[in-house]
Every structure is written in C-alpha cells, then in structure tokens.
Amino acid sequence: MNASRPSVYLDYNATAPLRPEAKDALLRALESPANPSSVHAAGRAARDLVERARAEVAALVGVPAGSVTFVSGGTEANALAIESAKAAGVERIIISAIEHDAVMETAKASGLPVEALPVDNRGVADLDWLAQALDKPGKTLVCLMLANNETGVIQPVDKASTLVRAHDGWLHVDAVQAAGKIAIDFSGLGADTLALSAHKLGGPQGVGALIAGTRATVTRRLHGGGQERGRRAGTENVAGIAAFGAAAKVGRETLASMAEQAQWRDALAQRLKAEGAVVLGEGADRLPQTLCFAGEGFGSEVQVMTMDLAGVMVSAGSACSSGKVKASRVVDAMGRADLAPFALRVSGGWASTEDDWIKCGDAWLAAWKRIGARRREVA
Ligand code: PLP
C-alpha cells in the first residue's frame, strides 16, 4: 500500500471490512470468555451472547431463532445443508451452473448424481429447464444461490421453490452474498435451507449459519457435545457469533443505504461502457453494490495487479482460494466464454464512498487507455 495515497477497497464480496458494531461485540465477548454450556454466571452470560446473536441473525432473514444453527462459515453451512438433504433421502442433486465452489464441490463429493442447471446470457437460472429436469423420477435436492458472487445477479428462487415443492424436493439457497445487501424473507423464498456467512456482511471470518425450515431436518456432521441443539457439536465461537449478530442487526437496519451504492456503481458502469467495456449481467436484477465487467484483451490477473498498484483493491471474476486467477466459469456459463478471461469484479458495501467508485473508474480507465495506446503502436 502506498502511504501517501489512501487505498480504495472495493472487494466486499471477498470479505467486507469489519463493522465497528461487530468489532465492539467481538472485543467485549473476548474480554470475559466463558463456555456457554457452563451453568455458572459467566457461562450464562456467554450463552446470553449466543442467543441474542441468534435472534439477530434470525431477524435478518425473517425466521424464528430456533431455525438458526451456527457453523464456521458459508462453506460449512452449504455442506451441512447438502449432507442433511442426502441423509433425508434425496437421490440426485441439481445445482445451478453458477454456484460457488462450496456448493459445487460438496455436491460432487456427495456421491449422488449431479446435474447443472443452465443460466441464460444475463446469468439467470433457466426455470423451464428445471421444470423438465424435476419431472424425472427421484427425490431431488436443488441448489440455487440467491445472488451470484461474481456478477451479483439475483436468482428467481421463489419461482424455483414452487417447482421444487410440487415435486417434493429440497431447495437449498446459498444466500452468503445476498445477506446485508438485499432484504431476505426465508419463507417468501420457499427455501428448505439457507446458508449465511458473517464476513460478507461486516462480521468476522470463520462464522456463519445454516437456516433450516420446518420441512428440513439438519443432520449432525460433527459428533461430540450437544451444542446447537445437537446439530453441530463443539464449543461455540462465542465472540465470532456475538459479532455476527451485531453485524446482522446493523446490516438489517441500514439496508436502505445500499441504494446509493447502486447509484455509484451504475455511474461507474456508464463510464466503463462508454470506453468499450462490457458489463455482465446488466439486464438482470443484481445486488446493488456489485459490478462485473470485462475489457476485451485486458486479462483479469493483470487488471487486478494494475489496479492494486494504483491503490484500488478489487478481484478477478473468479479469484480462487490459492489467490490464482482462472477464467471465470460463471461468465462462461452465461455464454460469454470469449470474455471469461477478462472479467473483473468490483464490490462495495457499508463503508464505500462515491469517491471510492470514482477512483476505481479513474484507475481502470487510465490502464485501459494505456493498453489501447500500446495496441495502436504495435498495429
Ligand atoms: N458461497 C458464496 C456465494 C460465497 O461467495 C462464498 C465465499 O466467497 C462462500 C459461499 C463461502 O463462504 P465462507 O468463506 O464463509 O466459507
């Protein structure tokens, strides 16, 4: 980071900065650690922190507190849902072609037959395809994320749930990217299970939740103590959970402020398009703070590094956990394999300012113009 130039962080879909309310809750909980299963006063105080947080996370998605199981993050929440569905007797899995690896790899590892639900060129799941696929025999688990991590495209989960229910299937919704950015109503979505992760909404990393509706029975993956009503053994991450609750509360209360992120995001998109960039998923409903675009010939990895040198932190369409950049399979699934190696994701959030979005545009356009000039010299 260049000390003379304050950096711009627009990579909230990777991890959002910790909200001050979450940091306070985290530190307060760490100051007097105790085991929530202990019956003495300190233990009861820790239990109280966990249960207050549970109520806040439940309120974020409109469910009773008893529907929330705390886990270690979005990956574990997705895995717990898929394994629970398998234990409940599903015989095959349909996952949208744009699911996060946490869903895709767990589905593949389940040993059940897996089919990919295609998306159209806006990145929206094809429900006609789903309706036909569900007509085949066998109880089916359908995994359809609420919003995509790369493009921000919001999926027609409520419509999909009508189809899944008509076939007595199980609908799992990865809402990791949607939470804190758009309102979520669990029963309105018609989901059986739904995954959340604290660090995408201003809480700490390493804590998340699985929401389960009345039709879903959550299986025990970790054996040991009876924590989380026997659904997830192991002493609770009390500080992380308390901070998750605080982030969920402030996220819910300040949801309206996301509208200005959309304005700034759209203003940036206009500037980029005017210079020849292609915005991906533009024709669909999207998260208010996510922008995925491609400048043909400007490789994702080079873009990320060039932007970083200019003090602007963003991600390639698909940054994997090793930090390496692969061509985006989400963009590929949208029928734009030609643009997949050039996709860049810019994602803001609770602390992003209009100036951040403008500086991001300045940095990208300056680099894009340099590339264009170099190409003209070579030609
Ligand atoms: N699902 C989606 C859509 C994500 O974007 C991510 C993280 O990038 C995950 C799941 C995994 O969440 P976690 O990092 O909490 O395991």
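Whatever order the structure lists ligands and atoms in, that order sets their numbers, starting from 1.
- Counting protein heavy atoms only, atom 16 (O) of ligand 1 is closest to T75 OG1, 2.6 Å.
- Annotation: side chain of K139 is not in contact with side chain of R92 (no heavy-atom distance under 4.5 Å).
- Under 4.0 Å from ligand 1, not a single heavy atom of Q205 appears.
- One finds no salt bridge joining E83 and K86 here, because no Lys/Arg side-chain nitrogen approaches an Asp/Glu carboxylate oxygen to under 4.0 Å.
- Every atom of ligand 1 is numbered from 1 in the order shown, and the set under 4.0 Å from a heavy atom of G73 is 15 (O).
- N237 and S72 form no side-chain donor-acceptor contact under 3.5 Å, judged by distance and modelled atom types alone.
- Side-chain atoms of S328 and E150 include a donor-acceptor pair closer than 3.5 Å.
- In this structure, of E99, H100, H199, Q177, the residue bringing a heavy atom nearest to atom 6 (C) of ligand 1 is H100.
- If you number the atoms of ligand 1 from 1 as listed, the ones under 4.0 Å from a heavy atom of N149 come out as 3 (C), 5 (O).
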Exercise for the section: Under the side chain to side chain contact (heavy atoms under 4.5 Å, CB included) rule, what do I182 and I154 come out as? Steps first, then yes or no, please. Expected result: CA-CA 10 Å; I182 55 171; I154 297 170; 3.9 Å; yes

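- Note on residues 19-33: no pairs pass salt bridge (charged side-chain N to carboxylate O under 4.0 Å, His left out), not counting sequence neighbours.
- Atom CG of residue D126 and atom CD of residue Q132 lie 9.0 Å apart, to the nearest 0.5 angstrom.
- At a 4.0 Å heavy-atom cut-off, ligand 1 does not touch V103 at all.
- Considering only non-hydrogen protein atoms, atom 15 (O) of ligand 1 sits nearest to S197 OG, 2.6 Å.
- Of all the heavy atoms of K200, the ones lying under 4.0 Å from any atom of ligand 1 belong exclusively to the side chain.
- Under 3.5 Å, the side chains of W368 and E275 contain no donor-acceptor pair of N or O atoms.
- Atoms of ligand 1 lying under 4.0 Å from at least one heavy atom of M145, given by number and element, are 3 (C).
- Under a 4.0 angstrom heavy-atom cut-off, N148 registers as lying outside contact with ligand 1.
- Protein heavy atom at the shortest distance from atom 10 (C) of ligand 1 is D174 OD2, 3.5 Å.
- Compare A79, A195, G74 by their heavy atoms: the one nearest to atom 13 (P) of ligand 1 is in G74.
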